[in-house]
Every structure is written in structure tokens, then in C-alpha cells.
Amino acid sequence: MEATGTDEVEKIKSKFMSAWHNMKYSWVLKTKTYFSRNSPVFLLGKCYHFKTEGEYRALHSFQSSSAAISGNVEEFRRDFISRIWLTYREEFPQIKGSALTTDCGWGCTLRTGQMLLAQGLMLHFLGRAWVWPEALDMDSCDSESWTSSTVRKLTASLEASLTAERDPKVLPRPQRRPSSRDWDGSQMRNEIYHRKIISWFGDSPVAAFGLHQLIEYGKKSGKMAGDWYGPAVVAHILRKAVEEARDPELQGVTVYVAQDCTVYSSDVIDRQCSFLDSGKAGTKAVIILVPVRLGGERTNTDYLEFVKGILSLEYCVGIIGGKPKQSYYFAGFQDDSLIYMDPHYCQSFVDVSIKDFPLESFHCPSPKKMSFKKMDPSCTIGFYCRTVQDFEKASEEITKMLKSSSKEKYPLFTFVKGHSRDYDFASSPLHEENDHFSEDEKKRLKRFSTEEFVLL
């Protein structure tokens, strides 16, 4: 009886936390983001130019009928909205070993890690040119809807807490009517993969890259549900999640995490050329994650040009970063400001196992900008390479960028020929016999999660 009472208290606390975070962060969705017409905007390797009257304009105030825009603003909006947005959720199935049914207040770095991995999978299955056909059907800044939704959730949570209701009754937002679009074969295939990728990140214990699975892998590095996760720890958790995924569609993808700011080329190629689980030889696409630190207590502005250069590359899948204690998914920039998606808005659980589950809450209606100077120095950079040739080309290009942008004696990270074992480092096995991290990985994760990296 006592345990049941404790669980009820935890659930009430979770509801209050969800309501508080919605009130705290709803202004982020309400505020407009301004872009300069005189500077290009980069989004994950694509460049856009906004040409219109006035030096600065809010993205949402652009009208599609304006001939002066030349289509670039709408193309940018369509591209940005098509990226997968993963945020705090509430009322999802209880996390094993805890009473938690929400990740409000602690899961933001896991969410930004999910967004980076989702972008890598979108490149793999859909390609960089793909955009969601329904993107512009979303209200570009439906701030009234978002804000009123927050008020409804707050009121419902408070009422539920006071009346001991298990499921607060929230008035639903009006649903948009489905489009009568005539899909051709290619569009149908793309939409199937679009939904499948999102379903892999569903908030249920069976989702390959859902919060429940990521937390299970985090336990093996000493992390528990409700703990803070740093960007380096999340990188290793994502690697493990992809390695353990059993969906046949995911057997052609692998993840490599750099060791001590070093990418060992032979280790990466070994992963790409490993045998697929089907028993047939073949090459895998690789998502390379590089945990780095852009300074000491604060971010060193000397790294600005390097970060901008990385986000300009076509194979960049973004950066897990943020401000101190707030993790963001950085996907682009304009001038000295970074463009990001914010995971801190708490949304209701969506059951992705049902047919035609609603997609709107998985796509962000509005980009946000932040000065590079505010960025926390701890971050993880991600790249996607489909083939060994792509990896070799990427490593050459990034190495040149590292050398040209570094004012220090040593670059931020390096690509080295050979295996890590050639340099007396213990190499992580491609396929571990059990479901645990190796001892070497545990030591690195423990180090990353303490003083070397500021937790976001």
C-alpha cells in the first residue's frame, strides 16, 4: 500500500513538472525567429538565401506569393519542418525500474541524440533531397494553438492531481483533415519510411531507439532514468542501440564513436565492411559520432568557423549540444547564430504502433536561433557516410577544414590511418557476446559523465 502511495505521489509530481516545463518553454514556440536577408542560411549542408525588403524579417511573416523571395524561404521552411523533432513526452508507458511516465526535466540530451540519429536514418533511407509533402500544411507558427494547448494541459494536470484522476482529460486540438494527395509509387515508399523512422523512436519499450531502450543501455554505464546525460555518454548509448537493433531494415547501418577525439579510419572501414546479419557480405553505411569540447568553462569563439564549416557539409547530421543544463539539436546557422530544434516542450504520448498515427507533433513548425557564444563547450558532432568511398572523401575534407580552422597546435579531433589497437588503445568489438558495454567502454563513459564533460 505504501509503495502504491509513493507511486501516486511520483505521478502527481510528474504532472506538475510537465505543466511547469510547458509554461516555462512555451514562449520558445511562441516567439518569432528573425533572419537577415543579407546573409546565407545553412541547414545540414544546404544553403538558402532570403531576399526580401527590410534587413530582418521574421520567417513566419514571409508570404509564399512574394516574387522577391524566389522560393528560397519556402524551400527552407519545407526543409526545416521535414526534419524529425523529438521532444519531452508525458503519459507514456512506465519506464522499467521507476515510476516515471515522462522525461520532463531530465531527458533533453537523449532527445537531441535521437534527433541526430533520426537525421542519419533519413539520409540513409530517404536521401537529403527528401522533404515531407505535408510540411507547409502545418501552421508555420501556430503559437496560439501551442500556447492554448499548454494552458489546457496545465489546467487538466492540476485538476487531475486534485481529483486523483489517473488520466487527465485534455480537450484535443482540432485535427487537420488528411490531404487528398494522390501518391505515386515513390511518394508512397518515402512515406512508409518516414513513418517507420519515427516509429523507431516511439516512447514504448519495444521501439528500437525509443527512450525506454536508450535508458536500458544507459544503465550499463551507470545511468538511470531521471539522471542527467551528457552528449558523449549519449553517443555511446546510440552506438549500442543501433548495434542491438533487430529490425532487418537497420542491418545496413552502423555507428562509430571516436575515441579520445580520434577517428581511426581502419576501425570505421571494418565496421562498414563487416558481414550483414543476413549472412551476405556487404558494406554498411556509418554514422560517425565525435564527442568534443570547444573550450574550457566556456566555448572558445575560435571554434566558430569550424562549427559553421561542419554544419555546411552535406554529410553532417547535426550536433548534440546546447546551453549549460539545456540540450539542443544544432542543425544550421546564419552569421554567428546557430539554428536549432528545442526538445524542452512537453507533448502528449503518441502511440506509433497504430496505423496512420498523427505526424504533426514530430515536426517542428519553427526554427530557433542562438548566439554561438552561449553554446556549452561539450558537444557531439555527427556525420553520415553511405559507402567506404564517402567516408574517405569526408575524412579528407574534414581534415582540411580542421587544419585551416585551428589556431591551436592541435586540431579539435583527428582522422588517423590504421586501427586503434595499433596505437595501444583497446578497440571495441564489432559484436559483443553479451548485452553489456566492454570494460574499456565503461571506463570511458564514466570519465565522460563526470568532470571532463559538462552535462547538458
Q. So Glu90 and Tyr88, side-chain hydrogen bond (donor to acceptor under 3.5 Å, both in side chains) or not? Walk me through it.
A. CA-CA 7 Å; Glu90 62 179 353; Tyr88 286 160; over 6 Å; no

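- The aromatic rings of Phe209 and Trp200 sit perpendicular, their planes meeting at an angle over 60°, well past the 30° parallel limit.
- The closest side-chain donor-acceptor pair between Tyr193 and Glu249 falls under 3.5 angstrom.
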Practice item. Apply side chain to side chain contact (heavy atoms under 4.5 Å, CB included) to the pair Thr262 and Thr414, showing each step before the final yes or no. Key: CA-CA 5 Å; Thr262 305; Thr414 59; 3.8 Å; yes

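- Side-chain contact between Phe201 and Leu117: present, with at least one pair of heavy atoms (C-beta onward) separated by less than 4.5 Å.
- Note that CG of Leu44 and CG of Leu116 are 9.0 Å apart. Values are rounded to the nearest 0.5 Å.
- Contact check on Asp79 versus Arg128 returns a salt bridge, with a Lys/Arg side-chain nitrogen under 4.0 Å from an Asp/Glu carboxylate oxygen.
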Please walk me through it: do Ile287 and Phe383 pass side chain to side chain contact (heavy atoms under 4.5 Å, CB included)?
CA-CA 6 Å; Ile287 296 171; Phe383 307 99; over 6 Å; no

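- Looking at Trp85, its side chain does come within 3.5 Å of a backbone N or O of Asp342 through a donor-acceptor pair.
- At distances below 3.5 Å, not a single donor-acceptor pair connects side-chain atoms of Gln213 with backbone N or O atoms of Ala241.
- In this structure, the side chain of Gln272 engages the main chain of Thr387 through a donor-acceptor pair within 3.5 Å.
- Qualifying side chain to side chain contact (heavy atoms under 4.5 Å, CB included) partners for Ser337, counting only residues two or more places apart in sequence or in other chains: Lys369.
- Taking the side chain as every heavy atom from C-beta outward, Gln119 and Tyr384 never approach each other to under 4.5 Å.
- Put simply, the side chain of Arg293 gets close to the backbone of Gly296: a donor and an acceptor are under 3.5 Å apart.
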- Query: Should Glu134 and Leu359 be marked as a side chain to side chain contact (heavy atoms under 4.5 Å, CB included) after you check the CA-CA gap, both sets of side-chain angles, and the distance that decides it?
  - Reply: CA-CA 10 Å; Glu134 307 293 335; Leu359 295 169; over 6 Å; no

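- Although no hydrogens or angles enter the test, the distance criterion places a donor-acceptor pair under 3.5 Å between the side chain of Ser98 and the main chain of Ile95.
- With sequence neighbours excluded, no residue satisfies salt bridge (charged side-chain N to carboxylate O under 4.0 Å, His left out) with Arg189.
- Between the side chain of Thr299 and the backbone N or O of Gly295 there is no donor-acceptor pair closer than 3.5 Å.
- With His194 as the fixed residue, the ring pair (Phe, Tyr, Trp, His ring centres under 6.0 Å) test singles out one of Phe362, Phe357, Trp130: Trp130.
- A donor-acceptor contact under 3.5 angstrom links the side chains of Gln347 and Thr87, judged on distance only.
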What donor-acceptor contacts under 3.5 angstrom involve side-chain atoms of residues 306-320, with partners at least two apart or in another chain?
residue, atom, partner, partner atom, Å
Lys308, NZ, Asp335, O, 3.1
Ser312, OG, Lys308, O, 2.7
Tyr315, OH, Glu397, OE1, 2.7

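- More than 12 non-hydrogen atoms from other residues, nucleotides or ligands lie less than 6.0 angstrom from NZ of Lys196.
- Taking the side chain as every heavy atom from C-beta outward, Phe413 and Ile398 approach each other to under 4.5 Å.
- Side chains of Lys323 and Lys325 form no contact here, defined as non-hydrogen atoms less than 4.5 Å apart.
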Go through Leu338 and Lys374 one step at a time and tell me if the side chain to side chain contact (heavy atoms under 4.5 Å, CB included) criterion holds.
CA-CA 10 Å; Leu338 298 172; Lys374 296 181 179 179; over 6 Å; no

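- Considering only residues two or more places apart in sequence or on other chains, Arg195 meets the salt bridge (charged side-chain N to carboxylate O under 4.0 Å, His left out) condition with Glu191.
- Salt bridge status for Arg78 with Glu75: absent, with no side-chain N to carboxylate O gap under 4.0 Å.
- Summarising the geometry of Ser353 relative to Asp351, their closest heavy-atom pair is OG-OD1, 2.5 Å, with the distance given to 0.1 Å.
- Residues Val255 and Glu243 fail the side-chain proximity criterion, which asks for heavy atoms closer than 4.5 Å.
- Pairs passing the side chain to side chain donor-acceptor pair (under 3.5 Å) check and including a residue from residues 202-211, sequence neighbours excluded, read Arg111-Asp203.
- Taking 4.5 Å as the limit, some side-chain heavy atom of Gln114 sits within range of a side-chain heavy atom of Leu214.
- Between the side chain of Ser327 and the backbone N or O of Gly321 there is at least one donor-acceptor pair closer than 3.5 Å.
- Ala235 pairs by the side chain to side chain contact (heavy atoms under 4.5 Å, CB included) definition with Val257, Leu289, Pro291, Thr380, not counting sequence neighbours.
- Considering only heavy atoms from C-beta on, Trp228 stays 4.5 Å or farther from Thr109 through its side chain.
- The aromatic ring centres of Phe50 and Phe76 sit less than 6.0 Å apart.
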